[in-house]
Protein chains: 2
Amino acid sequence: MGLKRPVVTLKDVAAEARVSRATAARALNSYGYVGDETALRVQEAAERLGYRGNRVAQALRRGQLPIIGFVLGDIQNPFFARIAHDLEGELRKRRHNLLIASSEEDTAQEKALFESLRGLSIRGFIVAPTSADDNAHLEETVREGVPVVLIDRAVKSLECDSVVVDNEGGARQAVDYLINSGHRRIGLLQDETRIFTSQERLAGYRNALEAHGIELENSLISVSPSTVEHAIEATIRLFSQRKPPTALFTVDSLMTQGALLALRSMGLSVPKDVSLIGFDDFNLATFTDPQITVVAQPIAEIGPLAAQMLIDRLSGKKDPPRNVRFPTRLIIRGSVSRRVEV
Amino acid sequence: MGLKRPVVTLKDVAAEARVSRATAARALNSYGYVGDETALRVQEAAERLGYRGNRVAQALRRGQLPIIGFVLGDIQNPFFARIAHDLEGELRKRRHNLLIASSEEDTAQEKALFESLRGLSIRGFIVAPTSADDNAHLEETVREGVPVVLIDRAVKSLECDSVVVDNEGGARQAVDYLINSGHRRIGLLQDETRIFTSQERLAGYRNALEAHGIELENSLISVSPSTVEHAIEATIRLFSQRKPPTALFTVDSLMTQGALLALRSMGLSVPKDVSLIGFDDFNLATFTDPQITVVAQPIAEIGPLAAQMLIDRLSGKKDPPRNVRFPTRLIIRGSVSRRVEV
DNA sequence: TTGAAAGCGCTAACAT
DNA sequence: ATGTTAGCGCTTTCAA
């Protein structure tokens, strides 16, 4: 695998340019006084030697690594992948790297991750916490003065910025729409209620039913991890009951896809046999026949805003925490049918 | 945002346990000789103070940060998202973090990324290089002795491990199947030929045509960045010609989805008007009606193998580079129709 | 305008 | 079994 060549340090550059390390540093980072000629000589020397500053040493000196941690539940969820993409772009402009770490929706793993990342002296965190309640690790991080921005999922007790959407409203609107289309037995496919969005979307579901005087039936609610495979199973369970729902509301796009696949495998057609609305839009939602009605989130705005909030904190902004909540939008397509009561 | 509390260092722990820093380090990292009693006292002190080793200082000392860089073109591509997920899991077991950095399929940006990440003294890289040719940055990284594992895309001149699939064979088999189904005007929707997989998949397309004595027509090849939006445009261009193709082969799942959407928007039905095969399987491929015929990759094996290769290198394995190429599999579903020559 | 020197937190060779 | 000390590469205060 080739010969290792020694790494060029500031000392080498300084020697090459025949100045002290201090002067070399000044010339390369353009601060303090340096003679024009000297500066040039140092820069040339650095160039010639292929000098590349050791960011670890700089970090040890300054106390922080120019890295932001993004802690999420699942990078395979297109929603988070999009956010990650946007965050990385914004941070790149600030010469920071993004370290994406997955909790796999496991609170213990999320805590371990924090333990490990905190030791890295990372500058700040953007987090979609796995649990709405169990957040000692986040509190400690905030208490130690490390900026945290919550994304997609808030934590009430935490004094930090957050960017979420109107989960309750979006879910309520969706279920409302199903009810107004004549449905009474409306299934809910959600992930664990430990998760903030799940709680709020459940609340929206519950509130919509209540507003129409429909009693909530636990047998119509199916809980599963948010993957296509698990959602398939959960959907099959839901629709294998003696009195299955006539409509289904799913809380994210992976689950919507799982539900679609499951219903098809059971020979149930959408929207003839089952009406469907999913939270979170997705690429193929308009390709399927019928097209899927969804609650869309303003996904393009979430990542950039969160990045900006974090950057503001990094540059010392001391305002009280901002908690932004974006509205959602019901996009009516063709997966809901009118149901005439029997 | 709360009071900053001072960070606990080894020195504090040592003082608390009334031992030297060396002893404290030994007790905490369990190496060298430490008295049982002393060790216990140190561990208790660390616990009490909430000591968390400074990984940056450790890295400066040891010369490396326990971080692996994953440089890819687009985290929003489900293929890469899956790989990232698997890599992270494997590396976590080795107490390493994964830093995902996106080149956005831009070679210049990829180079800048390397420049920046090399300065971080990252332990190794897993890379899906943007260009099959322009790889001075990779060569330099390898030359400096930093382990690199190529994934999805190889670079011939580079002395390092790689994990790819049989792109030429997979593409050839797909196009073969189209030809055997009676198609002669077969469109190709691919990303830029700078990209390794694109080159190989194009070769497969070309070879299949050639084997059947069909002349390649440039007007049937459409190049676009690999996003759903760009693929939609490119597909529309392809099928707006006076003599459009009767079949289409797309080189990845995002493009397949774009093609699907575009064809639908043009009122062309699959497979009646256009037959379709996509490289890379995807969740909804079996939901659409008809289900989409695809060339599937053994995606579950790629990430773990690459991770293992890198880990082996990190632990000093000196074998000559391994270049693994997985076979692909044509999964015949319903998006190809027999075409009777007119 | 430049240089000398201290020190960030940690590890490990060496000394005791 | 434990302590002393040097030094990883860099920045920055202080002195010249």
Side-chain angles (χ1 to χ4, degrees), chain A residues 4-43 45-46 49-67 95 116 118-123 144, chain B residues 4-43 45-46 49-66 95 116-123 144:
Chain A
K4 299 202 189 189
R5 57 153 66 164
V7 173
V8 179
T9 72
L10 186 61
K11 197 166 128 189
D12 303 321
V13 175
E16 175 85 5
R18 275 164 309 127
V19 293
S20 69
R21 283 147 67 219
T23 302
R26 279 188 282 250
L28 292 171
N29 302 321
S30 38
Y31 74 86
Y33 294 97
V34 204
D36 290 353
E37 207 184 326
T38 320
L40 199 64
R41 212 166 63 234
V42 172
Q43 271 144 20
L49 267 35
Y51 172 72
R52 182 191 293 136
N54 180 328
R55 294 211 276 150
V56 173
Q58 292 171 347
L60 179 58
R61 193 53 235 255
R62 301 204 252 254
Q64 285 183 324
L65 217 42
I67 290 181
R95 328 195 104 270
S116 152
R118 294 287 292 102
L120 268 182
S121 314
I122 273 183
R123 293 200 66 191
E144 290 183 3
Chain B
K4 299 202 191 192
R5 56 152 67 162
V7 173
V8 179
T9 72
L10 186 61
K11 196 166 129 188
D12 303 322
V13 176
E16 175 85 5
R18 276 165 308 127
V19 295
S20 70
R21 281 147 65 218
T23 301
R26 280 189 282 251
L28 261 14
N29 302 321
S30 38
Y31 73 89
Y33 296 95
V34 206
D36 290 354
E37 206 185 326
T38 321
L40 199 66
R41 211 168 63 236
V42 173
Q43 270 145 20
L49 265 37
Y51 172 72
R52 181 192 292 136
N54 180 328
R55 294 212 278 151
V56 173
Q58 293 172 346
L60 179 60
R61 193 52 238 254
R62 301 205 249 254
Q64 286 182 324
L65 217 43
R95 328 195 104 268
S116 151
L117 296 180
R118 295 287 292 101
L120 268 182
S121 314
I122 273 183
R123 293 200 66 191
E144 291 183 2

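Chain naming here is simple, since letters A, B, ... match the order of the sequence lines and numbering starts at 1 in each.
For T38(B) and dT2(D), the shortest distance from a side-chain N or O to OP1 or OP2 is below 4.0 Å. Here T23(A) does not reach the OP1 or OP2 of dT1(C): none of its side-chain N or O atoms lies under 4.0 Å away.
In terms of the side chain to side chain contact (heavy atoms under 4.5 Å, CB included) criterion, residue partners of R62(A) (sequence neighbours excluded) are, by chain and number, Q58(A). Every residue meeting the side chain to side chain contact (heavy atoms under 4.5 Å, CB included) condition with Q64(B), not counting sequence neighbours, appears here in chain and number order: R123(B).
Note on residues 18-33 of chain B: no pairs pass salt bridge (charged side-chain N to carboxylate O under 4.0 Å, His left out), not counting sequence neighbours. The list of salt bridge (charged side-chain N to carboxylate O under 4.0 Å, His left out) pairs with a residue in residues 31-43 of chain A, not counting sequence neighbours, is empty.
What separates CG of L40(B) from C1' of dA1(D) is a distance of 16 Å, to the nearest Å. Spacing between atom CG of L65(B) and atom C1' of dG9(C) amounts to 14 Å, rounded to whole angstrom units. Y31(A) has its OH atom 15 Å from the P atom of dT1(C), to the nearest Å. Rounded to whole angstrom, the span from the CG atom of N29(A) across to the P atom of dT12(D) amounts to 8 Å. Whole-Å rounding puts the Y33(B) OH to dC14(C) P distance at 16 Å. Between the CD atom of Q58(B) and the P atom of dG9(D) there is a distance of 17 Å, rounded to whole Å. Atom CD in Q64(A) sits roughly 13 Å away from atom P in dG9(C) (whole-Å rounding).
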Which atoms of nucleotides 5-8 of chain C (N or O only) lie under 3.5 Å from a protein N or O atom, and what are those distances?
| unit_1 | atom_1 | unit_2 | atom_2 | d |
| --- | --- | --- | --- | --- |
| dG7(C) | N2 | R61(A) | NH1 | 3.1 |

Quick one: which protein N/O atoms are closer than 3.5 Å to N/O atoms of nucleotides 14-16 of chain D? Pair and distance per line, please.
none

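Comparing dC10(C), dT2(D), dA4(C) by their closest approach to the side chain of Y51(B) singles out dC10(C).
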Distance-only donor-acceptor hits, side chain of residues 6-16 of chain B, under 3.5 Å, sequence neighbours excluded:
| unit_1 | atom_1 | unit_2 | atom_2 | d |
| --- | --- | --- | --- | --- |
| T9(B) | OG1 | K11(B) | N | 3.2 |
| T9(B) | OG1 | D12(B) | OD2 | 3.4 |
| D12(B) | OD2 | T9(B) | N | 2.8 |
| E16(B) | OE2 | R48(B) | NE | 2.9 |
| E16(B) | OE2 | R48(B) | NH2 | 3.0 |

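No contact: G63(A) has no heavy atom under 4.0 Å from any strand. Contact annotation for V56(A): no contact, since no heavy-atom pair falls under 4.0 Å across all strands.
When each of V8(A) and V19(B) is assigned the nucleotide of DNA chain D with its nearest heavy atom, V19(B) is the one assigned upstream, toward the 5' end.
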